[in-house]
A.B. asks: 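Just passing along the structure, written as structure tokens.
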Amino acid sequence: TIDYQFYHVTQPRIEHFIDTVGAGDAFTARYIHGLLCDEVIEKTIDAAQKFAIKVIGLRGAISSDPDFYQL
């Protein structure tokens with residue numbers, strides 16, 4: 001039997017909503033990164049949410065600024 005547990009983390013208000021393109025991919029990429037690094041799942045989901053929120057502040061899916069991707 002698999003035991004699934006869900007929880008909700010309140011994120012800050014989104015100030016710079018521009019485009020949702022790439023937000024799902026960003027969330028998934030950060031989530032997989034956390035799983036591969038054996039992070040605590042709550043930390044992984046929180047980081048994935050925050051990264052997806054950053055991405056919706058962009059026009060398009062990626063940033064040309066390498067600092068955008070720093071933790």
Side-chain angles (χ1 to χ4, degrees):
T1 305
I2 299 174
D3 180 29
Y4 293 100
Q5 296 181 9
F6 298 92
Y7 75 102
H8 172 74
V9 175
T10 302
Q11 292 296 323
R13 183 178 173 90
I14 300 169
E15 299 292 331
H16 303 288
F17 179 89
I18 296 175
D19 190 351
T20 60
V21 171
D25 292 332
F27 180 93
T28 302
R30 182 57 185 88
Y31 182 77
I32 291 171
H33 170 78
L35 293 178
L36 292 174
C37 292
D38 293 323
E39 288 180 349
V40 175
I41 193 68
E42 291 84 3
K43 177 184 176 185
T44 298
I45 292 173
D46 183 57
Q49 282 182 311
K50 287 177 181 173
F51 187 48
I53 288 171
K54 282 179 65 173
V55 169
I56 66 171
L58 301 173
R59 172 87 43 219
I62 59 173
S63 174
S64 59
D65 179 7
D67 291 336
F68 179 84
Y69 299 100
Q70 299 303 313
L71 298 176

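From a predicted model like this one, the values you see are computed outputs, not experimental measurements.
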A.B. asks: Take Leu58 and Phe68 through the side chain to side chain contact (heavy atoms under 4.5 Å, CB included) test and state the conclusion after the steps.
C.D. replies: CA-CA 10 Å; Leu58 301 173; Phe68 179 84; 3.7 Å; yes
A.B. asks: Check the pair Arg30, Glu39 against side chain to side chain contact (heavy atoms under 4.5 Å, CB included), reporting the backbone distance first and the verdict last.
C.D. replies: CA-CA 11 Å; Arg30 182 57 185 88; Glu39 288 180 349; 3.0 Å; yes
A.B. asks: Show the numbers, then the answer: is there a side chain to side chain contact (heavy atoms under 4.5 Å, CB included) between Asp46 and Phe51?
C.D. replies: CA-CA 9 Å; Asp46 183 57; Phe51 187 48; over 6 Å; no
A.B. asks: Of the non-hydrogen atoms in Phe27 and Ala52, which two are nearest, and what is the gap between them?
C.D. replies: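 It is CB-CB, 4.1 Å.
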A.B. asks: Among Ile, Leu, Val, Met, Phe, Trp and Tyr joined by side-chain contacts under 4.5 Å, find the other residues sharing a cluster with Ile32 and list them by chain and number.
C.D. replies: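 Members other than Ile32 - counting any ILVMFWY side chain reachable under 4.5 Å - are Leu36.
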A.B. asks: When rounded to the nearest 0.5 angstrom, what is the spacing between OG1 in Thr28 and NE2 in His33?
C.D. replies: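 Answer for the OG1-NE2 pair, Thr28 versus His33, is 14.5 Å.
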A.B. asks: Holding to side chain to side chain contact (heavy atoms under 4.5 Å, CB included), I want the full list of residues that pass it with Leu35, two or more places apart in sequence or in another chain.
C.D. replies: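 Leu35: side chain to side chain contact (heavy atoms under 4.5 Å, CB included) contacts with Tyr31, Ile41.
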A.B. asks: Could you tell me which non-hydrogen atom of Ala26 sits nearest to which non-hydrogen atom of Val55, and how far apart they are?
C.D. replies: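 Looks like CB-CG2, 3.5 Å.
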A.B. asks: Anything under 3.5 Å between a donor and an acceptor, one on a side chain of residues 17-24, the other on a protein residue two or more places apart or in another chain? List them.
C.D. replies:
{"from": "Asp19", "atom 1": "OD1", "to": "Val21", "atom 2": "N", "distance (Å)": "3.1"}
{"from": "Asp19", "atom 1": "OD2", "to": "Gly60", "atom 2": "N", "distance (Å)": "3.1"}

A.B. asks: So, taking the atom named CD1 in Ile62 and the one named CG in Asp25, what distance separates them when rounded to the nearest 0.5 Å?
C.D. replies: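 Here the rounded value is 11.5 Å.
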